[in-house]
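Sequence lines set the chain letters: A, B, ... in the order given, protein chains first and strands last, and positions in each chain run from 1.
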Number of protein chains: 2
Amino acid sequence: MLTTKGSDVYDKNVNTRLLKVGFNLKKMEINSNEVARLAGVSRSTVSRVINNYSNVPLKTREKVLKAIKELNYFPNVSAQMLAGKKSRTIGLFMVSSGEIAVDVLTNMMIVSVIESASDLNYYVLTYIIRDASDEGTINNVREMFYQRRIDGGIFIGTKHDEAFVDDLVKQGFIVGVFDQEHPAERVPNRIVANFNNESGMKQAIAYLLGLGHRDIGIINGDRQRLSGIEKYEGFLSAMRQQGLPVHEQWVLNGDFSEQAGYEAMQHYLRRSGADAARPTAWVAANDSIAFGAIRALREAGLLVPEHVSVIGFDDHVLSEKHNPPLTTVRVDFKQLFKDLMQMVIAQIEEQSDAVKEVAYDCTLIIRQSCRRLD
Amino acid sequence: MLTTKGSDVYDKNVNTRLLKVGFNLKKMEINSNEVARLAGVSRSTVSRVINNYSNVPLKTREKVLKAIKELNYFPNVSAQMLAGKKSRTIGLFMVSSGEIAVDVLTNMMIVSVIESASDLNYYVLTYIIRDASDEGTINNVREMFYQRRIDGGIFIGTKHDEAFVDDLVKQGFIVGVFDQEHPAERVPNRIVANFNNESGMKQAIAYLLGLGHRDIGIINGDRQRLSGIEKYEGFLSAMRQQGLPVHEQWVLNGDFSEQAGYEAMQHYLRRSGADAARPTAWVAANDSIAFGAIRALREAGLLVPEHVSVIGFDDHVLSEKHNPPLTTVRVDFKQLFKDLMQMVIAQIEEQSDAVKEVAYDCTLIIRQSCRRLD
DNA sequence: CTGAAAGCGCTTACAG
DNA sequence: CTGAAAGCGCTTACAG
């Protein structure tokens, strides 16, 4: 009964006709033929109007536009593509193991990419790579390019030198990557955007030095990723520059998650014992790590910044609201992804053929998680 | 020089040939003709292998498969679609005004939808709707359906009775919605998934009653959305059932964000004055609101749960780690989106023609943000 | 079991 | 300025 009623409504109000083809009912969409007929022109002319050809007189143009509107016609994308148009779709490949998925940053990056594309009238097909070493997963990624589902792809969270990305570049596909090094062989179809992580980390250390800290530890992020490597190098370089020792026990490792920061710090505190010499300040490879580390410190009865100073990286949306408000190095993800998307699309639309590699500066944001030593 | 080198590398390693067409260089992909030639069969047979037709002898099948592998061939999706195949792409339409975008929930929902699709070998095209009342935005949404970019769409965060969604359903497109009421006219191409918000809210109130609370306030979410409406109704119904009064001043309004919770509570505290009769417990329409409210309470010197009890909704990933750990009503987004996706795809693949409406139960999770009154 | 051929709905040189 | 026609790369009845 319900179903019958449903079907009934369907037949009456639907903007499609049912056509008997063999033994199947096939839904026919409005196509350019019908628009042409209604407007009294040929399909060629309809196409010219849709594609904004200059040699269509205003009069004709208006007739066609009217017919398009009247029939609620939208050109079939597959047919357009088959005839040589682009898909106007960008693949977004986000490497994200389980825990990271809950990170606010992931969301922000996804949304930034989607909106940047949307502003340029492009669509985004998102694919989550849970395990970049899984053969099947990588094959799915490659497939999206080869099938021509997408005009290009943006990769986030890959290792600094992921081989399958290199492959795609070699095949001539247009690829934008965040947080990867630009390999020696530079080609215009590989666009690279990074932050100046070293410089950012150096700012953090400079600030701590200014506050009188000399015993500084670091909680690293994923050192398979370029930013993980660079931040650590910035730290080493700044410490070395100042003639300060880097204590091996004060170099903590993990990935870029809150949980990793928590565990690394908890582990360190247990291992080091209460009367060991401990850093007076920690720099974390990102804010999530800093949150986790602060949680572990608090659980051990150590207050930030009273007992120990902590500085983050990213300026996560929650950093300002954190207790204590987190001193951190701000990084402009939105701008970066906007520019990266714009460069990728320029390459797709053949507006440029330059090798593109950009690096964005970061800026220290002072809040209340560090204290001056006296 | 660099560019020259780039081009050189390109020509040598690339799996494409350059073909002179008029004055343009056109890249030619491997197509089924070349596979057919290499395998010594016709394109028909290649297609039959790709589409797993049963009437291809193993021998032939293997020859073709070998050629496909050798040429690294992937069928062109546009051609397949034009010949009648589906796009295997689902549109994800996420209504999200600026502030909400930073919410962890948004991320979780997006990722849940994408992964559910991925498990079924489908792709997701995500579109962010910043303003559902904007004509241009809605036209973009409709366009995606009419252009046949997607086989169906899932809507999250729409108003409970959004008209353009109804329109799409009426046009026969397959639509899955979360948090919308199923209108009187039920059709199999509209699939609805909700939580039992009323029952969830009643559990929250029941728990507070058990702790001895009788003066209970509510901080509502967006009441343009079904969940906002239902949670409030659950609250009213539970209070009425118990013969407890609902004080107008104890009904706070906003949207589903942390900021709204913060502002609503801050505003209430200012307005009510310290010696006014205040609720001993608040229920919030979601956890983000609860976080914001707790922040405002703390700033006013009121501790949770010592001075006032607060209960949330959703069981946000941060709720457990919150200080204090938040008592809340847990809701299983992952399961819901997985099932919703599965139902939408079943409809696309014509595996079912039933009217689909499902509602998932919620469960109270007791932590430490509520205290027993004595 | 398998090939030749029509057809999907566009775009775009080509010819006028 | 505009129409007829070829072509994009598939799938699938049809005929054998």
Side-chain angles (χ1 to χ4, degrees), chain A residues 16-17 19-24 26-37 39-64 67-68 71 73-88 143 146-149, chain B residues 16-17 19-24 26-37 39-64 67-68 71 73-88 143 146-149:
Chain A
T16 56
R17 288 160 305 130
L19 195 72
K20 200 107 185 166
V21 174
F23 292 94
N24 295 314
K26 179 139 194 271
K27 230 194 320 183
M28 291 292 294
E29 313 299 326
I30 302 291
N31 61 25
S32 67
N33 255 320
E34 317 210 17
V35 175
R37 198 179 315 143
V41 297
S42 71
R43 291 154 72 219
S44 314
T45 301
V46 172
S47 182
R48 287 192 190 97
V49 170
I50 286 170
N51 292 292
N52 275 314
Y53 276 48
S54 55
N55 56 355
V56 182
L58 194 64
K59 222 37 190 266
T60 313
R61 177 175 198 74
E62 277 171 350
K63 268 195 310 192
V64 173
I68 287 176
L71 293 173
Y73 166 72
F74 293 87
N76 180 305
V77 176
S78 300
Q80 286 184 311
M81 285 182 66
L82 203 53
K85 297 270 175 191
K86 300 280 166 58
S87 69
R88 303 194 74 82
E143 194 177 51
Y146 282 94
Q147 288 179 329
R148 300 283 144 185
R149 266 181 201 279
Chain B
T16 56
R17 289 161 303 129
L19 196 73
K20 199 106 186 165
V21 175
F23 291 92
N24 295 315
K26 180 138 193 273
K27 235 195 311 186
M28 291 291 294
E29 313 300 326
I30 303 291
N31 61 27
S32 67
N33 255 319
E34 319 209 17
V35 176
R37 198 179 313 144
V41 298
S42 70
R43 293 153 71 217
S44 313
T45 300
V46 172
S47 182
R48 287 195 190 95
V49 170
I50 286 170
N51 293 292
N52 276 314
Y53 277 48
S54 56
N55 56 354
V56 182
L58 193 64
K59 217 49 187 256
T60 315
R61 177 176 197 73
E62 277 171 351
K63 271 195 307 189
V64 173
I68 287 176
L71 293 173
Y73 166 72
F74 293 88
N76 180 304
V77 176
S78 300
Q80 286 183 310
M81 285 183 67
L82 203 53
K85 298 269 176 193
K86 300 279 166 61
S87 68
R88 302 194 73 83
E143 194 177 49
Y146 281 94
Q147 289 179 329
R148 300 283 143 184
R149 267 183 199 277

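- Judged purely by distance below 3.5 Å, without hydrogens or angles, the side chains of B/N52 and B/R61 pair a donor atom with an acceptor atom.
- B/T45 has a side-chain polar atom (N or O) that falls below the 4.0 Å cut-off from OP1 or OP2 of C/dG3.
- Residue contacts shown for A/S47 include a base, since a base heavy atom lies under 4.0 Å away.
- Note that CZ of A/R43 and CG of A/N33 are 5.0 Å apart. Values are rounded to the nearest 0.5 Å.
- Residues of residues 55-64 of chain B having a heavy atom closer than 4.0 Å to DNA chain D: none are found.
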Mind listing the N/O atom pairs, protein and nucleotides 14-16 of chain C, below 3.5 Å?
none

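- At D/dC10, one or more side-chain N or O atoms of B/S32 fall inside 4.0 Å of OP1 or OP2 (strictly under the cut-off).
- Here A/Y73 reaches the OP1 or OP2 of C/dC10: one of its side-chain N or O atoms lies under 4.0 Å away.
- Remark: D/dA4 base-pairs with no nucleotide; criterion is Watson-Crick or G-U wobble with both hydrogen-bond distances under 3.5 Å.
- Across every strand in view, D/dA13 sits unpaired, with no contact that passes the Watson-Crick or G-U test at under 3.5 angstrom.
- In this model, no side-chain donor or acceptor of B/S42 finds a partner on the base of C/dA4 within 3.5 Å.
- The same atom, C1', is picked in D/dG16 and in D/dT12; the two are 16 Å apart, to the nearest Å.
- Base contact: A/S44 has a heavy atom under 4.0 Å from a base atom.
- In this structure, the side chains of A/I50 and A/Y73 come closer than 4.5 Å at one or more pairs of heavy atoms.
- The nearest heavy atom of DNA chain C to B/R43 and to A/V46 marks one nucleotide each, and the one closer to the 5' end goes with B/R43.
- If you take NZ of A/K85 and P of C/dT11, they are 6 Å apart, rounded to a whole angstrom.
- With a 4.5 Å cut-off on side-chain heavy atoms, A/N31 and A/N76 do not count as touching.
- Contact check, B/N76 against D/dC10: no side-chain N or O comes under 4.0 Å of OP1 or OP2.
- Here B/Y53 reaches the OP1 or OP2 of D/dT12: one of its side-chain N or O atoms lies under 4.0 Å away.
- Residue A/N33 is out of contact with every strand shown, counting any heavy-atom pair closer than 4.0 Å.
- How far CZ of A/R88 is from CE of A/M81: 12.0 Å, rounded to the nearest 0.5 Å.
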